[in-house]
Chemist: 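Below is a structure I'd like to ask you about.
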Amino acid sequence: MISKNKVIFVVGPTASGKSELALHLAKKFNGSIINIDSVQFYEGLNIGSAAPSEEEKKQAPHYLFSYVKAPVEMTAGQYIRDFYELIESGKVNSPIFVVGGTGFYIQALEKGMYDLPEVSEEIKNEILADYEIFGSEKMYAELKNFDAETELHPNDHYRVGRALEVKRAFNLKISEFKNTGADNKNKLPYPSMKIGLTYQTDDKEKFMNRVHQRTLKMLDQGIIEETKSFLTQGYESWAPLSSVGYLETKSYLQEQISREELPAAITQATMKLVKKQKTWFKRDEAILWSDVFTPQYEVIERTVQDFID
RNA sequence: GGCCAAGUAGCUCAGUCGGUAGAGCAGAUGACUGAAAAUCAUCGUGUCGGCGGUUCAAUUCCGUCCUUGGCCA
């Protein structure tokens, strides 16, 4: 039962045409699409995340899009549970095209996460409060005392905080997980391959133009209204609203930047994201790359066909 | 035309009581195991508006010119 599932990751930076390619392949091979984009999980964040339209979703089965409601915030651990629950429901057609540009989640799905339960809200809040009271130096000192092997930077509040959560909740050292291979049992249990879309360094300008056109389209489609509706509901500090496009729109709505500055600000932030995504994927030698501007659909189809057979 | 500000990194601005200058943002590179489109690390020579003067030494003081704002005519 398990072995009949085959997974094809479709990865790459934002605005590279992943969704379009995945839809093409899903139709061609009578497969399904599962989202692995960290913003497209959320209900109501469609325009700014360039989520597939309703019409596109009708053309092939789409899963794990728009299914998390504010103010819930997604985690990689929760995503993996949702993913396997979905597969085990038996309704997903193979081949499964897992589409998105969030390297962290892709890694989590492929390699698995450390096998830890959720940390309670009490402990999470306690750590946030302690940060306020004691400051980052003392918080880092607490970690370093407990786990001398930690390679975290003292300024990386988020990761230091997480390491302290694991310490206080379970008395465990994250640095130890790295060496013990504790993640192996959570690895993706299906055969998989990865195809990616990206652009050559020389084409950065060209890609930026493409991104800018997309920014203008988002503004046209109503990213401002989309953002405003979350603000009026009081979700100002909801983490996904700090993602690219929404953060800049929020700045505009809060009168920190002008309407004239908004398009360039979104494009600039998007390019920064693109760079980080490229950096993330660069070290993954298993990805079979294709060029954004000249995607060889026939070649990709043949590669997928070979993999499925 | 007169008076008053301001002119320093791609941008916004600090600063030098005279010893050739540094933050944030942007940019480049990288890290990444339950917020990840987040978070974090490393990287800073620029005629200090132009030209003169004073001085051992001027981006800093003085003069003058140019540019941009504001006020007054």
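Letters A, B, ... mirror the listed sequences (proteins, then strands); counts begin at 1. Below, all heavy atoms of this structure are taken into account, side chains as well, without hydrogens, waters or symmetry copies.
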Chemist: Can you check whether A/Lys275 has a side-chain N or O nearer than 4.0 Å to OP1 or OP2 of B/rA26?
Modeler: no

Chemist: Check whether A/Phe307 forms a cation-pi arrangement with A/Lys6 (NZ or CZ under 6.0 Å from the six-membered ring centre, at most 45° off the ring normal).
Modeler: yes

Chemist: Step through it carefully: locate the ring centre of A/Phe41, locate the ring centre of A/Tyr79, and say whether they are under 6.0 Å apart.
Modeler: yes

Chemist: What residues in residues 63-85 of chain A put a non-hydrogen atom under 4.0 Å from any atom of RNA chain B?
Modeler: A/Met74, A/Thr75, A/Ala76, A/Gly77, A/Arg81

Chemist: In whole angstroms, how far is the P atom of B/rA38 from the CG atom of A/Leu247?
Modeler: 8 Å

Chemist: Classify the nucleic acid contact of A/Thr14 as base, sugar-phosphate or nothing, counting any heavy atom under 4.0 Å across all strands shown.
Modeler: nothing

Chemist: Have a look at A/Lys124 and say if it touches a base, only the backbone sugar-phosphate, or nothing, with a 4.0 Å heavy-atom cut-off.
Modeler: nothing

Chemist: Looking at A/Phe9, does the NZ or CZ of A/Lys18 lie under 6.0 angstrom from its six-membered ring centre and within 45 degrees of the ring axis?
Modeler: no

Chemist: Atom CD of A/Glu176 and atom C1' of B/rU33: how far apart are they, to the nearest Å?
Modeler: 15 Å

Chemist: Give the rounded distance in Å between these two atoms: NZ of A/Lys272 and C1' of B/rG30.
Modeler: 15 Å

Chemist: Under 4.0 Å, heavy atoms only, any strand: does A/Gln277 hit a base, just the sugar-phosphate, or nothing?
Modeler: nothing

Chemist: Quick check: is A/Ile308 connected to A/Val10 through a chain of hydrophobic side chains (ILVMFWY, heavy atoms under 4.5 Å apart)?
Modeler: yes

Chemist: Give a yes/no answer on whether the side chain of A/Tyr105 brings an N or O atom under 4.0 Å of OP1 or OP2 in B/rA36.
Modeler: yes

Chemist: Select one nucleotide: of B/rG34, B/rA26, B/rA41, the one nearest the side-chain heavy atoms of A/His153.
Modeler: B/rA41

Chemist: Check this one for me: any side-chain N or O of A/Arg162 less than 4.0 Å away from OP1 or OP2 of B/rU33?
Modeler: no

Chemist: Does the side chain of A/Lys276 get closer than 4.0 angstrom to OP1 or OP2 of B/rA38 through an N or O atom?
Modeler: yes

Chemist: How long is the line joining CH2 of A/Trp238 and C1' of B/rA37, in whole Å?
Modeler: 13 Å

Chemist: Once you round it to whole Å, what is the distance between P of B/rA28 and CE of A/Met208?
Modeler: 10 Å

Chemist: Quick one, A/Lys58 with A/Glu55, criterion salt bridge (Lys or Arg N to Asp or Glu O under 4.0 Å). Give me CA distance, side-chain angles, the key distance, then yes/no.
Modeler: CA-CA 5 Å; A/Lys58 276 182 207 152; A/Glu55 199 203 319; over 6 Å; no

Chemist: Measure from the side-chain heavy atoms of A/Tyr42 and tell me the nearest of B/rG34, B/rA28, B/rA36.
Modeler: B/rA36

Chemist: Please list all pairs meeting salt bridge (charged side-chain N to carboxylate O under 4.0 Å, His left out) that have one or both residues in residues 293-309 of chain A, counting only residues at least two apart or in different chains.
Modeler: A/Lys28-A/Glu301

Chemist: Does OP1 or OP2 of B/rA37 have a side-chain N or O of A/Thr102 closer than 4.0 Å?
Modeler: yes

Chemist: Quick check on B/rU39: is either OP1 or OP2 less than 4.0 Å from any side-chain nitrogen or oxygen of A/Asn155?
Modeler: no

Chemist: Using 30° and 60° as the class limits, which term best fits the ring planes of A/His24 and A/Tyr297: parallel, tilted or perpendicular?
Modeler: tilted

Chemist: Would you say the base of B/rA31 and the side-chain of A/Arg159 have a donor-acceptor pair closer than 3.5 Å?
Modeler: no

Chemist: Applying a 4.0 Å non-hydrogen cut-off, can you work out what A/Gly245 is touching in the nucleic acid: base, sugar-phosphate, or nothing?
Modeler: nothing

Chemist: Establish whether the base of B/rA31 is bridged to the side chain of A/Asp156 by a donor-acceptor pair shorter than 3.5 Å.
Modeler: no

Chemist: Is A/Tyr114 stacked on the base of B/rU33, meaning ring centres closer than 5.5 Å and planes within 30 degrees of each other?
Modeler: yes

Chemist: Can you see if the side chain of A/Ser38 gets near the phosphate of B/rA37 - specifically, an N or O under 4.0 Å from OP1 or OP2?
Modeler: yes

Chemist: Going by the ring-ring contact (aromatic ring centres under 6.0 Å, His included) test, name the single residue among A/Tyr67, A/Tyr235, A/Phe230, A/Trp238 that passes it with A/Tyr42.
Modeler: A/Trp238

Chemist: Report the distance from atom CD1 of A/Ile257 to atom C1' of B/rC11, rounded to the nearest whole Å.
Modeler: 15 Å

Chemist: Any Lys/Arg nitrogen of A/Arg159 or A/Asp156 sitting under 4.0 Å from an Asp/Glu carboxylate oxygen of the other?
Modeler: yes

Chemist: Going by the glycosidic torsion and a 90 degree boundary from 0, is the base of B/rG69 oriented syn or anti?
Modeler: anti

Chemist: Parallel, tilted or perpendicular, judged at 30° and 60°: which one describes the rings of A/Phe83 and A/Tyr190?
Modeler: tilted

Chemist: Run the salt-bridge test on A/Arg168 and A/Glu142 with the 4.0 Å N-O cut-off and return the result as yes or no.
Modeler: yes

Chemist: Of A/Asp37 and A/Leu116, whose closest RNA chain B nucleotide lies nearer the 5' terminus?
Modeler: A/Leu116

Chemist: Under 4.0 Å between a side-chain N or O of A/Thr279 and OP1 or OP2 of B/rG30?
Modeler: yes

Chemist: Which residue lies toward the 5' end of RNA chain B, A/Lys204 or A/Ser243, if each is placed at its nearest nucleotide?
Modeler: A/Lys204

Chemist: Need one value for A/Lys282: base, sugar-phosphate or nothing, where a base atom within 4.0 Å counts as base even if backbone is also close, heavy atoms only.
Modeler: sugar-phosphate

Chemist: Take N1-N3 plus N6-O4 or O6-N4 for Watson-Crick, N1-O2 plus O6-N3 for G-U, both under 3.5 Å. Which runs of 3 or more such pairs involve RNA chain B?
Modeler: B:1-7 with B:66-72, B:10-13 with B:22-25, B:27-31 with B:39-43, B:49-53 with B:61-65

